[in-house]
Protein chains: 2
Amino acid sequence: MSDLDTTFTALADPTRRAILARLASGEATVMELSEPFTLSQPAISKHLKVLQKAGLITRSRDGTRRPCRIQPETLAQATHWLEEFRKLWDARFRALDDLLDDMKAGHEPGPRDH
Amino acid sequence: MSDLDTTFTALADPTRRAILARLASGEATVMELSEPFTLSQPAISKHLKVLQKAGLITRSRDGTRRPCRIQPETLAQATHWLEEFRKLWDARFRALDDLLDDMKAGHEPGPRDH
DNA sequence: GACATATTTCACCATTTAGTTATATATCTT
DNA sequence: AAGATATATAACTAAATGGTGAAATATGTC
């Protein structure tokens with residue numbers, strides 16, 4: 001499974017997005033992360049494992065606690081894909097606009113000067 | 001299932017991302033989209049249905065063909081979520097940096113003036 | 001109307017996912 | 001060493017996913 005696959009899969013779940021949003025405002029333990037949800041604690045642990053495998057969070061040890069924090073690089077990768085995609089898409093539409101301009105201007109499609 | 005759920009789920013599959021990338025350079029039929037893959041054609045139809053349900057593509061009719069094209073608004077929504085998330089994340093780190101600066105400057109954490 | 005082509009739908013299968021409860025492990029406290 | 005707390009793992013279940021081949025549907029053509 002590619003990096004982007006696991007990243008987008010991880011982001012596809014609302015619980016996991018909520019966990020990430022919570023972590024954006026600082027480190028938190030499993031208990032703290034479980035609190036807002038009706039889910040069982042093992043369910044949250046599972047979600048955390050998915051986020052960790054996707055490289056979206058890292059975990060440390062503090063006594064009996066295993067605090068989580070965000071690892072921003074991986075998200076940057078996903079953003080990058082979307083951004084590249086948008087560029088491709090924009091390029092296509094600039095080309096299409098130019099073509100339409102040309103047709104309107106004089107029925108002679110060719111290179112433009114802007 | 002929320003919009004973001006279906007969007008990110010759709011983006012989590014490499015075949016579907018490849019289809020989107022192909023569509024970024026212009027409309028294409030199911031046959032054309034199937035061609036690069038070893039998958040059966042019904043498999044591609046399924047992927048297209050997922051993309052359509054997610055609002056990532058639209059479809060029209062041209063004789064017996066059902067050409068697909070990208071619908072950019074939905075992708076913009078996903079990008080927006082990532083962007084908002086990044087802002088939250090950045091804000092946290094600006095706050096943390098300020099705190100560290102304060103500690104270095106004189107052991108008196110408090111509001112800054114920049 | 002018969003035929004060919006493009007696409008969808010159907011019935012099925014294997015795998016993965018998200019959840020559960022119960023149990024195990026690890027660490028701190030006494 | 002015993003007990004308490006935080007977390008992980010195990011065993012299980014129900015539903016979703018991604019694939020298949022075979023058949024149905026829709027449209028254009030002869």
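Chain A is the first sequence line, chain B the second, and so forth, proteins listed ahead of strands; every chain is numbered from 1.
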Visitor: Is the shortest distance from a Lys or Arg side-chain nitrogen in A:D90 or A:R86 to a carboxylate oxygen in the other one below 4.0 Å?
Guide: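 Yes, A:D90 and A:R86 are salt-bridged.
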Visitor: With no angle test and no hydrogens, is the base of D:dA8 tied to the side chain of A:Q41 by a donor-acceptor pair under 3.5 Å?
Guide: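 Check passes, donor-acceptor contact within cut-off.
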Visitor: Nearest of C:dT27, D:dG19, D:dA26 to any side-chain atom of B:R61?
Guide: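 The nucleotide sitting nearest to the side chain is D:dA26.
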Visitor: If I take atom CG in residue B:L39 and atom P in nucleotide D:dT17, what distance separates them, rounded to the nearest angstrom?
Guide: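 Roughly 17 Å, once rounded to whole Å.
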Visitor: Drop me the distance from B:W81's CH2 to B:T7's OG1, to the nearest 0.5 angstrom.
Guide: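 Taking CH2 in B:W81 and OG1 in B:T7, the distance rounds to 12.0 Å.
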Visitor: Using atom NZ of B:K49 as one end and atom P of D:dG18 as the other, report the distance to the nearest whole Å.
Guide: 14 Å
Visitor: Check whether any side-chain heavy atom of B:T29 sits under 4.5 Å from a side-chain heavy atom of B:E32, and report yes or no.
Guide: yes
Visitor: Can you tell me how far apart OG (A:S2) and CG (B:D13) are? Round to the nearest 0.5 Å.
Guide: 9.5 Å
Visitor: Would you kindly give the CE-to-P distance between A:M1 and C:dT15, to the nearest whole Å?
Guide: 16 Å
Visitor: What's the separation between atom CG in A:L11 and atom OG1 in A:T74, rounded to the nearest 0.5 Å?
Guide: 10.0 Å
Visitor: Looking only at side-chain atoms of A:S45, point me to the closest of C:dT9, D:dA8, D:dT20.
Guide: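 Minimum distance to the A:S45 side chain belongs to D:dA8.
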Visitor: Please evaluate residues A:Q77 and A:D3 with respect to the criterion side-chain contact (heavy atoms from CB on, under 4.5 Å), reporting the C-alpha separation (whole Å), side-chain torsions for both, the decisive distance (0.1 Å), and the verdict.
Guide: CA-CA 9 Å; A:Q77 250 185 277; A:D3 277 13; 3.6 Å; yes
Visitor: Pairing of DNA chain C as dot-bracket, 5' to 3': ( ) intra-strand, [ ] crossing, | other strand, . unpaired, with Watson-Crick or G-U pairs under 3.5 Å?
Guide: ||||||||||||||||||||||||||||||
Visitor: Can you list, in residue-number order, the parts of residues 5-37 of chain B that come under 4.0 Å of DNA chain D, counting heavy atoms only?
Guide: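 Under 4.0 Å from DNA chain D: B:D13, B:R16.
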Visitor: Do B:Q71 and B:I57 make a side-chain contact, defined as non-hydrogen atoms from C-beta onward lying under 4.5 Å apart?
Guide: no
Visitor: Do the side chains of A:L48 and A:R59 get nearer than 4.5 Å, heavy atoms only?
Guide: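 Yes, close enough: below the 4.5 Å cut-off.
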Visitor: Whole-Å distance between D:dG18 P and B:I44 CD1?
Guide: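 So the two atoms are 12 Å apart, to the nearest Å.
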Visitor: Give the nucleotide from the list D:dT20, C:dT7, D:dT5 with an atom nearest to the side chain of B:S40.
Guide: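 Given the options D:dT20, C:dT7, D:dT5, the side chain of B:S40 is closest to D:dT20.
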Visitor: Let me see the working for B:L4 and A:R17 under side-chain contact (heavy atoms from CB on, under 4.5 Å), right down to the final yes or no.
Guide: CA-CA 10 Å; B:L4 276 175; A:R17 287 199 306 277; 3.6 Å; yes
Visitor: Without decimals, in angstroms, what is the distance between B:I57 CD1 and C:dT7 P?
Guide: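 From B:I57 CD1 to C:dT7 P: 12 Å.
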Visitor: For a 4.5 angstrom cut-off between non-hydrogen side-chain atoms, does B:T79 reach A:T79?
Guide: no
Visitor: D:dT9 P sits how many Å from A:L48 CG, rounded?
Guide: 12 Å
Visitor: Measuring from the side chain of B:T64 (C-beta onward, heavy atoms only), which nucleotide among C:dT5, C:dT9, C:dT7 has the closest atom?
Guide: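 Nucleotide nearest to B:T64's side chain: C:dT5.
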Visitor: In whole Å, what is the span from the CG atom of A:D62 to the P atom of C:dC28?
Guide: 8 Å
Visitor: Reckon B:R65 has a side-chain N or O less than 4.0 Å from the OP1 or OP2 of D:dG28?
Guide: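 For D:dG28, neither OP1 nor OP2 has a side-chain N or O of B:R65 closer than 4.0 Å.
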Visitor: For C:dT17, does either OP1 or OP2 sit under 4.0 Å from a side-chain N or O belonging to A:H47?
Guide: no
Visitor: What nucleotide among D:dA11, C:dA11, D:dG21 has an atom nearest to a side-chain atom of B:K46?
Guide: C:dA11
